Structures are given as structure tokens and as C-alpha cells.
Protein chains: 2
Amino acid sequence: MAARKISNMLALAVLSLLHEKPMHPYEISATMKERGIPDVIKLNNGSLYSVVEALLKQGWIIPLETQREGRHPERTIYAPTETGRVGFHDWLREMVYEPAKEYPQFPAALAFIGHIPPPEMIELLELRIGFINKSIAERRAGIEFARGIGLSRIFVIESEYIIHQLDSELRWLTAFKEDIKNGSLTEQSEGETIWHMTTPADDAQLQNSKLQSKGTTLP
Amino acid sequence: MAARKISNMLALAVLSLLHEKPMHPYEISATMKERGIPDVIKLNNGSLYSVVEALLKQGWIIPLETQREGRHPERTIYAPTETGRVGFHDWLREMVYEPAKEYPQFPAALAFIGHIPPPEMIELLELRIGFINKSIAERRAGIEFARGIGLSRIFVIESEYIIHQLDSELRWLTAFKEDIKNGSLTEQSEGETIWHMTTPADDAQLQNSKLQSKGTTLP
DNA sequence: TCTCGTATACTCGAGATCGACTATATGGCT
DNA sequence: AGCCATATAGTCGATCTCGAGTATACGAGA
């Protein structure tokens, strides 16, 4: 039984819901949407059904019964098995205590910002700050609403975490922008800024190329 | 040409390196490892070759020549095309200014912590705090080393960002732990704590009474 | 009455991703 | 001389993931 762990977090959500009450996949999907789970876990029709299939194959869930209403496709109602329950709890605990190695896109992009001239970088950062402010506002509104209908804090704790992290990013972006502005990242070296990370050879290529001779010039 | 954008960040890294000098995939891989790029972008042999293939198909890179050394497999040296250069710069800018919708695992797990009893939760959080402290220390050591060999700050800016965010998470985790300890997350309700969702029955009651209309919160 | 939007419920195939594998060369150690 | 670890260079097939598609029901408005 329970050979290898499926990695898609959607499966964790499925197990959590089935842990509450047996459901068929479509109902799982609908319930998730009601609860706002797609805000933290990518929900996708196709993935949901294959994840359920995988859970079935691993013996973490079993079909209870199949119903049919009118001429709609059959719906199969699943419940967690005992191994499924144990697996769910273990997995959940693991997710909490052990940070996953993930690869968010922004730091990856930061690794190449040598290719972007500082003045433009400042504009881009300002745009990002705007976007992030917007999404913080949205999350906060969500929390306000939840509080309004008397929901306990644990039901929106993910949003609290996300807001905290977005807020932190905001502060970093602002500080970074300042560092670029006041030149602490673009020190002079032989009369040239050493921001542009491309090699001299590459610079030459760039100058020679017909298209790009102006785009990357420095202040 | 340049129909749709490939989404794998590995492709961005490939373009960045080819932008410096034409290389064959294996050299790209080696150079990435030298530069520590696998710390921010998942590098994998198989993926690298298929990403290169995709870039080729999109006309963003072209084979310059193919060499053969001894009886090793042939190696094909690629260079970016003009569209490739433009595409790279546009893509990079986009990554900087527009936050990607991503689904980190921890907040996803937080959405289900109702299933973990508070005392255990505290232990798990402490474990996580330990892990995060460790990875902060490692990143910091990396930055120290870079400074030691006279590298400019822009070459480790991703690490600065990551440390900043990890530090922020650390503070959140600590505060959260305190909130659990002092009971501000486990208020009493009809003589029972509304944290622990052990039995399915309790669970169902909770969901029904409290989570009815959360669906209208966030986009 | 007809049709349009939405809800119900799932299927499918194209493409992405990954880890494991293949095969050769080189240098150091016993 | 023989052997193993490592570097070189890339291939392959099994999953995984996703968006789009299929098919039915149903109520509201033109």
C-alpha cells in the first residue's frame, strides 16, 4: 500500500475535504471554490481528476458508490481509507515543518538584472510595487469580509501569512529602489558604471548589432 | 515568428548565458552550476535539453556549428537570434515588474492546519524555524564568500532578497507560535476549542456553520 | 418559444518535466 | 596493468499537468 507520495498539493486538499465527508470530484471542486482554496492551491479540472485517480491507485481513497442523475455522467463518491487518513496527516505535518525547496520566479529574474539598465529598473520596480500593493489590498479585504461574517482567524491564516510576506517584499523593493537611485549598486569603475553585467565582448557585440545599440546605454 | 512564450525559467537562464557567448547545452549546464544558478532555478539535465529544443523551435536561438571530440556525442553550439535577444529582454522585464501567480506550499498547508492540534503545531513550527535559520545561515555564508572574492552586490542580489523573505517568515512563524501558545487562536465555543477538527462530525458542523459564503471573497 | 448563459460532471490529448540511463574519456591509485 | 571515480555529452520513456472540449440540464429573458 501507500507506495510513494503524490506531490501535487491538490491531493492534500482533496484528502482534507474527503476527511470531512465523502464526495464526488465535482463536488470537491465546487467546495474548494466556495472556500477560496484556489487562492493557495492551483485548481484545475483535469488535474483534479487525475489526482483523484492517483489517490485511488495508491489506496488512499476508495469509491463508496456511483450515482447517476438524469443523463449527466456518472459520479463516483470517494472516501478516504485508513491509510489515506494517516497519509494525509503525515503529509500535512511534513508540509508544515519542512520548508519545500521551491523556485519562485522573482529571485530567479533578479539573478539576471545586470541586463537591465538602472533607470529602467527603477520604473519596473515601481510597477511591481503597485501590483503588490493591489494584491495586499485584495487579501486584506478578504480577511475583513471573513471577520465580518464571524469566521475564526484560523480560517484565513494563509492570507495573514501571504500579506505578511507581500508586505515584506514591498519593503525590500523600496529599499532596493533607493539603493539603485543613490548609486550604491552602480559604483563607478574607470568612468563607467559597473551595473551592466554583460562581458566586454558582449558589449561590443551589442554595439555592433544593428538593432540594440541604444537600448542598453547607461546614464 | 516568436509565437508563444515558453514559461520555464530555465529558458531565461539559457538565453542569458547565450547572450554572453555561444555555447553547447552541456557547457551551459556547467556554467550555471559554477554561478550557483541552480539555487534559484531548478536545473535538470533532461529539462535543459528540451528547453533548448523549444527555444530552437521558436526561433530564439540557432545552431552555430556542431563539433565532435573523440567519440563523445556531438555537441551543438547555439547562439541567440535577434528575436531571441529581444524576447529575452522583454521576458526579463516582465518577470521583474509583474508578480507571477505562484502557489508556494506553506500557505497551502496553512489552509488545513485545523487538522493539527495546537500543541503539536507548536512543535512543528519550531522545527520549521530551525530549518529556516539554517538556510538563512547558508545564504549569508554565500554572500560573505562572494564579498570575499570581490564580487559586486548585484551578483548576489537574489540571495539578499531571499534572506529578507526568509527573515520575514521567521518573524511571522514566531508571532504565530506565540498566538497559539497564548490561546488567541483557540477560543472557546460552546465549551470546546474551535481549533481542533478531529472528528468528521465536528468538522462538518464547523464548515456548515462558519464557512458558508467564503466563496465571494477573492478573485 | 427559442436561445443564451450558467451549472453539472467528466474526458482527452498535447506538451512539460523528471530522473534514470547510456556511452566515452581521463587521471589517479593500487 | 587494472580499476574506479569523475567529467563529458546527451537520450529516453514514464508521469504529470493543463487547457480545451464534450455533453446534458435548466431557468430567465427576448
Side-chain angles (χ1 to χ4, degrees), chain A residues 3-14 17 22-34 38 41-58 60-61 63-78 100-103 105 108, chain B residues 3-14 17 22-34 38 41-58 60-61 63-78 100-103 105 108 215-216:
Chain A
R4 296 233 50 241
K5 194 170 3 191
I6 199 174
S7 64
N8 194 328
M9 287 299 255
L10 199 46
L12 192 72
V14 166
L17 294 199
M23 301 183 199
H24 55 93
Y26 187 84
E27 189 180 359
I28 294 174
S29 168
T31 311
M32 280 182 183
K33 279 171 196 154
E34 259 175 46
I41 294 177
K42 184 155 201 164
L43 172 56
N44 169 304
N45 255 357
S47 306
L48 178 62
Y49 284 91
S50 40
V51 148
V52 165
E53 186 97 3
L55 286 173
L56 182 63
K57 206 172 295 174
Q58 300 214 329
W60 285 28
I61 60 177
L64 276 197
E65 49 171 329
T66 63
Q67 305 173 338
R68 174 184 290 271
E69 205 155 309
R71 216 168 314 169
H72 281 299
E74 259 188 1
R75 49 194 201 185
T76 307
I77 292 172
Y78 296 93
K101 31 212 163 356
E102 291 172 305
Y103 299 88
Q105 307 207 356
Chain B
R4 295 236 56 242
K5 195 171 357 191
I6 199 175
S7 64
N8 195 328
M9 287 299 256
L10 199 46
L12 192 72
V14 166
L17 294 199
M23 299 183 198
H24 54 93
Y26 187 83
E27 190 181 359
I28 294 174
S29 168
T31 310
M32 281 183 181
K33 280 172 196 155
E34 259 175 46
I41 294 177
K42 183 154 202 166
L43 172 56
N44 167 305
N45 254 358
S47 306
L48 178 62
Y49 284 90
S50 39
V51 146
V52 165
E53 186 97 3
L55 286 173
L56 183 61
K57 207 172 294 173
Q58 299 214 327
W60 284 28
I61 60 176
L64 275 196
E65 50 172 328
T66 64
Q67 304 173 340
R68 173 185 290 272
E69 206 155 307
R71 217 168 313 171
H72 280 301
E74 258 188 0
R75 50 194 201 185
T76 307
I77 291 171
Y78 296 94
K101 36 226 152 351
E102 290 173 307
Y103 299 88
Q105 309 206 354
T216 54

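Not measured: the values here are computed from a predicted model. The sequence lines fix the lettering, A, B, ..., with proteins before strands; numbering per chain opens at 1.
- Put simply, CE on A/Met9 is 16 Å from C1' on D/dC16, counting in whole angstrom units.
- Whole-Å rounding puts the A/Ile77 CD1 to C/dC10 C1' distance at 15 Å.
- The minimum heavy-atom distance linking A/Tyr78 with A/Ile61 is given by the pair CD2-CD1, 3.8 Å.
- Distance OG1/A/Thr31 to OH/A/Tyr26: 10.5 Å, rounded to 0.5 Å.
- If you take CG of A/Leu55 and P of D/dT15, they are 16 Å apart, rounded to a whole angstrom.
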Grab the N/O contacts between the protein and nucleotides 23-25 of chain D below 3.5 Å, and write none if there aren't any.
unit_1, atom_1, unit_2, atom_2, d
D/dA25, OP1, A/Arg71, N, 3.3

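- Rounded to a whole Å, the CG atom of A/Leu56 is 14 Å from the P atom of D/dC16.
- Between atom CG of residue B/Leu56 and atom CD of residue B/Gln58 there is a gap of 10.0 Å, rounded to the nearest 0.5 Å.
- Map B/Tyr49 and A/Asn45 each onto its nearest nucleotide of DNA chain D; the residue landing nearer the 5' end is B/Tyr49.
- Among all heavy-atom pairs drawn from A/Ala108 and B/Met9, the shortest one is CB-CE, 3.7 Å.
- Remark: the backbone N or O of B/Pro25 is not paired with any side-chain donor or acceptor of B/Ser29 at under 3.5 angstrom.
- The shortest distance between side-chain heavy atoms of B/Ile77 and B/His24 falls below 4.5 Å.
- Here the OH atom belonging to B/Tyr49 is positioned 11.5 Å from the CG atom belonging to B/Leu10, to the nearest 0.5 angstrom.
- Each end of the helix from C/dT1-D/dA30 to C/dT30-D/dA1 gets its own axis, taken as the rotation carrying the C1' atoms of four end pairs onto the next four within a five-pair window, and the two axes meet at 10° to the nearest 10 degrees.
- Considering all non-hydrogen atoms of both residues, B/Met32 and B/Ala13 come closest at CE-CB, 3.3 Å.
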With the criterion being N/O to N/O and under 3.5 Å, what pairs connect the protein with nucleotides 15-17 of chain C, and how long is each?
unit_1, atom_1, unit_2, atom_2, d
C/dT17, OP2, B/Asn8, ND2, 2.9

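- Counting to the nearest Å, the C1' atom of C/dC18 and the CD1 atom of B/Ile41 are 17 Å from each other.
- D/dC16 atom P lies 15 Å from atom CG of A/Leu48, rounded to whole Å.
- With rounding to the nearest 0.5 angstrom, the CG atom of B/Asn8 is 9.5 Å from the CG atom of B/Leu55.
- In this structure, the side chains of A/Val14 and A/Met23 stay at 4.5 Å or more apart for every pair of heavy atoms.
- The residue B/Thr66 sits apart from the nucleic acid: no heavy atom pair falls under 4.0 Å.
- The backbone N or O of A/Gln105 sits less than 3.5 Å from a side-chain atom of B/Glu102, completing a donor-acceptor pair.
- B/Ile6 and B/Val51 make their closest contact through CD1-O, 4.2 Å (heavy atoms, listed as atom of the first residue, atom of the second, distance).
- Across all strands shown, A/Glu27 has no heavy atoms under 4.0 Å from either base or sugar-phosphate atoms.
- Rounded to an integer number of Å, the gap from A/Leu10 CG to D/dG19 C1' is 15 Å.
- Out of D/dT11, C/dT8, D/dT8, the shortest distance to the side chain of A/Tyr26 is found at C/dT8.
- Here the P atom of nucleotide C/dA25 and the CZ atom of B/Arg75 are 13 Å apart, to the nearest Å.
- Residue A/His24 places at least one side-chain N or O closer than 4.0 Å to OP1 or OP2 of C/dC10.
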